[in-house]
Amino acid sequence: MSPGEHAPPPRQPWVHDLAVSVHGNTTALSAATGDITGDGAQGLYVDDVRVLSLLVVEVGGQACVAVGGASSGDRSEFLSSARHLGSPGPDPTVELRRRRRLVPGGLIESVLLTSSAADPVETTVSVVAAGDGVDIAVVKAGRASGSPLPVSLTGSGASWLSERHRTHLRVEPAGETVADPGGPVRVVVPVSVPAGGSVEVVVSVDVERTGASGFDAGVGSEAVDWTGAEVGVDASDPRLARLVRASLDDLQHLLLTDPDAPSDVFAAAGTPWYLTLFGRDSIWAARLALPFGTTLAAGTLRALARRQGTQHDDARAEDLGKIPHELRRADDVDPSADFSLPPVYYGTVDATALWICLLHDAWRWGMPQEEVRTLLPHLRAATTWLTDVAPGDDGLLKYVDTSGVGLVNQGWKDSGDSIRWRDGTIAEAPIALVEAQAYAVEAARSAASLYRALGAQEGVASDPSDEARAAALETFADDLAARLRACFWVGPDDGRWLALALDGQGRAVDGLGSNMGHCLGTGALTTAEASSVVATLLEPRMLGAHGIVTFAHDNGGFNPLGYHTGSVWTHDTAICAWGMWREGHDQGASIVARRLLDAGEAFDYRLPELYSDAGVLGAPVPYPASCRPQAWSAASAVVLLTVALGLSVDVPARTVTVRPPRPSTFGALTVHGIRVGPAILTVAVGADGTVRVDGLPEDFTLVSD
């Protein structure tokens, strides 16, 4: 650096070109060869700590050349060529295949060296490893130094100690182990690969906790198969089965267990940045995935209820009855973004309403009634927050960061520049989001239904005020829906749309964005208004080849790679499609669902958190720092099935409804493993709309056209 120059500011590392695998609280990010070099975000993380910052495999003292690789759930596989070994000629004759599988708190990796050379290959396989013990928040802020921890040698490897973990490296067969002072450990294994044969070296990394932190969640995928059944999809479009299979695999391996109740599972929001309990994200993932069982929903509801707000605390944005935004093991500090979040943070305006909606929907899908009843005290606290604490003087739910170091925006679009006027100007707080009002409308009516149904069970004592609560909540919902319809419509008479929000002065922020799609199906809009929203979302300025953009093309400040200012978010597009279907707009929902399947194919059937539809040669490109896999992105694959089947369930009313769009969204479709209470169904729809349901209990009624 020349005199007078300044070092560039730290930046969040990009992860779009990394291989990612996850298993509960453990995640691995590596280069295309399988090597973990410590660059950027590469590493093996346990409990949000980088326990392994270096894991490099060399053959004959040299790196191999990457040929291909793939990841799904807890597995990654890499194929490389050792071009410097084997028979001479243009064809590679010695290949290195690495099969990595994550296990609770570690990994096991098979390193298989295979030769098709004419003569035996005498060489070495070297494993170079180190750990730096850096927290994920430091890595995300671009401030990780990468300095390795001191190493202690063992018989077949080495170990090192960070603040809360001890990491053990083992290589079999054992080789010569050397640790440089202040540097990594190197294990060199001599191998002889016969002509036409293979030799395997196995690398194991085991991590043990040596100290407790604020939220040490366990590994959920070992604890429970949340689907409770063998799920299968047969479709005329074979891409659909691949997307669902890969998505459910990822969602299964994002599961964590509540440290306060290890039998309860929830989905961590996403890896690598959000591998923990998030109110909004975990709720949406469980809600979208309800066709495959209520286990995930029940665990999510209870984990969040245990941490429901009990006091007013500006530093944590906490209030009585409020559902938290996120839990961490330590403070989440990002100097570049000017925020510092405490380990338990409540800065969300929508998670409480969404928690109520999930409880209602899980009850409808067959969550055992006694389990629902145990959450009634939490429901009462949540509805009190919804009606008495959250609304401002004008009756609308609003947020403002009073701490000065929390999230500026507290809806799902929580980046600082996400709420914009049509000309691109950023709106000023307090902010009343349009979708937050719609969620609250649906939540209030859902809570009223729960109060009435659960308080009316024969032989069960009920709270005498439940009927009064239900009536008050319905009045609240009606009033709030009326305010939404009166205050949020903007634009010319021949093309009006719902504003993103109202700003601190009560003005409708007229930016055109996807937020309006979340109002569909909530009961907040009239039939005509819902039709208008659907039409707007299907316009070319909103719907691209691979999904609905967060911010319309003709807004000022539109950026196809902006976090919330023009990108496509998988779950956002899926929720819009689901809302269209819930409003009876089957064909619009089908159009959006097919675009999302096209995106799944483009991303090798692992849908990222967000991406740009303005990609290359007709293909979308990922947002470089997006999580992959992400729970609500993975659960979005289930929405495609819901829309294509036209599936809804009401276990208390003993009805299953199957009304597929005509023409069919994906042609003929059969889905196995749908859970309706304790029953397991197979639902099939023909390309002509015919319906067949197997496994329906005798006391249920099938509703179909």
Side-chain angles (χ1 to χ4, degrees), residues 279-280 283-284 287-288 323 348-361 382-383 385-387 390-392 394-399 409-414 418-419 431-449 473-490 496-502 508-537 542 548 550 569 571-585 588-589 632 639:
R280 181 188 309 117
I283 288 169
W284 267 121
R287 192 180 184 194
L288 298 179
I323 295 298
T348 165
V349 74
D350 52 14
T352 306
L354 290 171
W355 184 92
I356 296 169
C357 293
L358 176 61
L359 180 63
H360 173 266
D361 288 3
T383 54
W385 179 87
L386 190 73
T387 60
D394 56 2
L396 298 173
L397 279 71
K398 300 180 179 182
Y399 62 80
N409 284 311
Q410 298 182 3
W412 86 258
K413 293 181 179 178
D414 57 5
S418 62
I419 308 304
I431 296 292
L433 293 172
V434 66
E435 75 272 21
Q437 318 311 313
Y439 296 157
V441 169
E442 182 178 11
R445 290 178 178 150
S446 296
S449 296
L473 283 164
E474 288 171 338
T475 299
F476 170 84
D478 292 343
D479 291 345
L480 184 56
R483 289 189 183 94
L484 188 160
R485 295 197 299 270
C487 299
F488 283 84
W489 286 101
V490 295
R496 293 171 68 76
W497 65 87
L498 284 172
L500 297 177
L502 302 188
V509 181
D510 61 353
L512 175 56
S514 61
N515 303 55
M516 67 180 72
H518 291 233
C519 301
L520 297 172
T522 63
L525 304 176
T526 67
T527 300
E529 288 169 338
S531 297
S532 178
V533 168
V534 171
T536 300
L537 292 174
M542 288 297 300
I548 294 172
T550 48
W569 282 64
H571 86 286
D572 183 37
T573 293
I575 289 169
C576 290
W578 186 49
M580 291 178 186
W581 168 76
R582 293 171 78 192
E583 294 283 359
H585 289 265
W632 57 13
V639 173

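This structure is a prediction, so every number in the text was calculated from the model and none was measured.
- Counting only heavy atoms from C-beta outward, the side chains of E583 and V533 never approach each other to under 4.5 Å.
- Using a distance-only test at 3.5 Å, with no hydrogens or angles considered, no donor-acceptor pair links the side chain of R582 to the main chain of T522.
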With salt bridge (Lys or Arg N to Asp or Glu O under 4.0 Å) as the test, would you mind laying out the steps for R483 and D394 before giving the verdict? CA-CA 9 Å; R483 289 189 183 94; D394 56 2; over 6 Å; no

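- Counting heavy atoms from C-beta outward, W632 and I283 have side chains that stay 4.5 Å or more apart.
- Side-chain contact check for C519 versus F488: every heavy-atom pair is 4.5 Å or farther apart.
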With side-chain contact (heavy atoms from CB on, under 4.5 Å) as the criterion, how do L484 and L498 come out once you've worked through the C-alpha distance, each side chain's angles and the decisive distance to 0.1 Å? CA-CA 9 Å; L484 188 160; L498 284 172; 4.1 Å; yes

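- Contact between W497 and G511 at its shortest, heavy atoms only, is NE1-O, 3.8 Å.
- Between the S418 side chain and the K413 main chain, a donor and an acceptor come within less than 3.5 Å of each other.
- Listed here is the closest heavy atom pair of L473 and A448: CD1-N, 4.1 Å.
- Taking the six-membered ring where tryptophan is involved, the planes of W284 and H518 are perpendicular, since the angle between them exceeds 60° and thus also 30°.
- Atom CG of D479 and atom CG of L396 lie 11.0 Å apart (nearest 0.5 Å).
- Rounded to the nearest 0.5 Å, atoms CG (L502) and CD1 (I419) are 11.5 Å apart.
- For A436 against V349, the heavy-atom pair with the smallest separation is CB-CG1, 3.9 Å.
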Step by step, would you call E442 with R287 a salt bridge (Lys or Arg N to Asp or Glu O under 4.0 Å)? CA-CA 14 Å; E442 182 178 11; R287 192 180 184 194; 2.8 Å; yes

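- Under the 3.5 Å distance criterion, the side-chain polar atoms of R485 are matched with a main-chain donor or acceptor of A524.
- Between the Q437 side chain and the L397 main chain, a donor and an acceptor come within less than 3.5 Å of each other.
- One finds the CG atom of L512 at 8.5 Å from the CG atom of L537 (value rounded to the nearest 0.5 Å).
- Residues V434 and L500 are not in side-chain contact: their nearest non-hydrogen atoms beyond the backbone lie 4.5 Å or more apart.
- The shortest heavy-atom contact between A447 and I356 is CB-CG2, 3.9 Å.
- Taking all atoms of both residues into account, the shortest heavy-atom contact from G395 to L480 is O-CD1, 3.6 Å.
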Report the C-alpha separation of L520 and H585 in whole Å, then their side-chain angles, then the decisive distance to 0.1 Å, and conclude whether the side-chain contact (heavy atoms from CB on, under 4.5 Å) test is met. CA-CA 10 Å; L520 297 172; H585 289 265; over 6 Å; no

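- Remark: side-chain polar atoms of T550 are not paired, donor with acceptor, to backbone N or O of S514 under 3.5 angstrom.
- Interatomic distance, S449 OG to L359 CG, rounded to the nearest 0.5 Å: 11.5 Å.
- W385 places no side-chain N or O within 3.5 Å of a backbone atom of A353 that could act as its donor or acceptor partner.
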Determine, stepwise, if the pair L433 / Y439 fulfils side-chain contact (heavy atoms from CB on, under 4.5 Å). CA-CA 10 Å; L433 293 172; Y439 296 157; over 6 Å; no

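- Between W569 and W412, the two ring planes are perpendicular [angle over 60°; tilted spans 30° to 60°].
- Once rounded to the nearest 0.5 Å, the distance linking CD of E529 with CZ of R496 reads 10.0 Å.
- R445 places a side-chain N or O within donor-acceptor distance of the main-chain N or O of G523, the cut-off being under 3.5 Å.
- Nearest approach of F476 to A440, heavy atoms of both residues: CE2-O, 4.3 Å.
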Do L354 and T348 pass the side-chain contact (heavy atoms from CB on, under 4.5 Å) test, and can you show the C-alpha distance, the side-chain angles, and the key distance before you say yes or no? CA-CA 11 Å; L354 290 171; T348 165; over 6 Å; no

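- In this structure, D350 CG and I323 CD1 are separated by 11.5 Å, a value rounded to the nearest 0.5 Å.
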